[in-house]
Amino acid sequence: MLKNNPVMKKLVETGEERVGKLAQQLLSNEKFVAAVQTLVSRSLAAKGTLDSALRTALSAMNLPSTADLEQLRSKVDDLEKLLASVEGKVDTLVSNASSKKKA
């Protein structure tokens, strides 16, 4: 109901216009862009430090890290594929052996 209201449409258009102008002004401000870039790079550095500290702490407690679990999951997936392959070959051999006995 509000979407079809012409007053609401005009308010939304005006709001979008003003937000667009504000974003354009902010992005053209070199200080703002530099501050955002610094913030992003510091955040990434902090995340890296936190990840490293967490891995060290988990290792000290003899607990697996996310990377360890991913490696384990990958090995289990490989083993499942290998087992499925072996199972298929055994089924084929059993099928061939039973068909030879019947013949």
Side-chain angles (χ1 to χ4, degrees):
M1 186 182 336
L2 291 176
K3 290 181 181 179
N4 297 330
N5 187 335
V7 174
M8 283 302 294
K9 283 184 181 181
K10 183 65 177 168
L11 284 173
V12 169
E13 287 174 8
T14 303
E16 287 176 349
E17 221 175 273
R18 288 186 180 175
V19 168
K21 285 180 183 178
L22 177 63
Q24 190 175 22
Q25 287 175 348
L26 287 173
L27 292 175
S28 65
N29 183 333
E30 290 180 26
K31 288 182 181 180
F32 176 79
V33 172
V36 169
Q37 288 174 338
T38 301
L39 178 66
V40 168
S41 67
R42 286 183 181 172
S43 296
L44 291 174
K47 182 188 180 307
T49 303
L50 177 65
D51 287 346
S52 176
L54 184 58
R55 279 192 302 273
T56 302
L58 288 173
S59 176
M61 292 184 286
N62 201 24
L63 294 172
S65 69
T66 304
D68 294 335
L69 293 176
E70 284 298 322
Q71 285 178 339
L72 183 60
R73 186 174 294 130
S74 175
K75 288 180 182 181
V76 168
D77 288 344
D78 291 344
L79 285 172
E80 285 178 343
K81 290 175 187 173
L82 181 62
L83 183 59
S85 173
V86 169
E87 187 177 352
K89 290 176 182 177
V90 168
D91 288 344
T92 302
L93 288 173
V94 169
S95 174
N96 288 343
S98 65
S99 65
K100 286 182 181 178
K101 287 182 181 179
K102 290 181 183 178

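Computed from a predicted structure; not experimentally measured.
Under the side chain to side chain contact (heavy atoms under 4.5 Å, CB included) test applied with Thr14, the options Glu16, Arg18, Glu17 reduce to a single match, Arg18.
Cluster annotation: Met61 is connected to Leu54 through the hydrophobic network of ILVMFWY side chains, with a link wherever side-chain heavy atoms come within less than 4.5 Å.
Across every non-hydrogen atom of Leu58 and Ser65, the tightest pair is CD1-CA, 3.9 Å.
Glu80 has its side chain within reach of Asp77: a pair of non-hydrogen atoms, C-beta onward, lies under 4.5 Å apart. A heavy-atom distance below 4.5 Å is found between the side chains of Ser74 and Asp78.
Every residue two or more places apart in sequence or in another chain that forms a side chain to side chain donor-acceptor pair (under 3.5 Å) with Asp51 is listed here: Lys47. In this structure, the salt bridge (charged side-chain N to carboxylate O under 4.0 Å, His left out) partners of Arg73, at least two apart in sequence or on a different chain, are Glu70.
Note that CG of Asp68 is 8.5 Å distant from CG of Leu72, once rounded to the nearest 0.5 Å.
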Show the atom names and distances, to 0.1 Å, of all donor-acceptor pairs under 3.5 Å that link a side chain in residues 29-42 to residues at least two apart or in another chain.
{"residue": "Asn29", "atom": "OD1", "partner": "Lys31", "partner atom": "N", "Å": "2.9"}
{"residue": "Asn29", "atom": "OD1", "partner": "Phe32", "partner atom": "N", "Å": "3.4"}
{"residue": "Thr38", "atom": "OG1", "partner": "Ala34", "partner atom": "O", "Å": "2.9"}
{"residue": "Ser41", "atom": "OG", "partner": "Gln37", "partner atom": "O", "Å": "3.3"}
{"residue": "Ser41", "atom": "OG", "partner": "Thr38", "partner atom": "O", "Å": "3.0"}

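Between the Ser52 side chain and the Thr49 main chain, no donor and acceptor come within less than 3.5 Å of each other. Side-chain N or O atoms of Ser98 include one that pairs as donor or acceptor with a backbone N or O of Val94 at under 3.5 Å. With hydrogens and angles ignored, the 3.5 Å screen pairs a side-chain donor or acceptor of Thr92 with a backbone N or O of Gly88.
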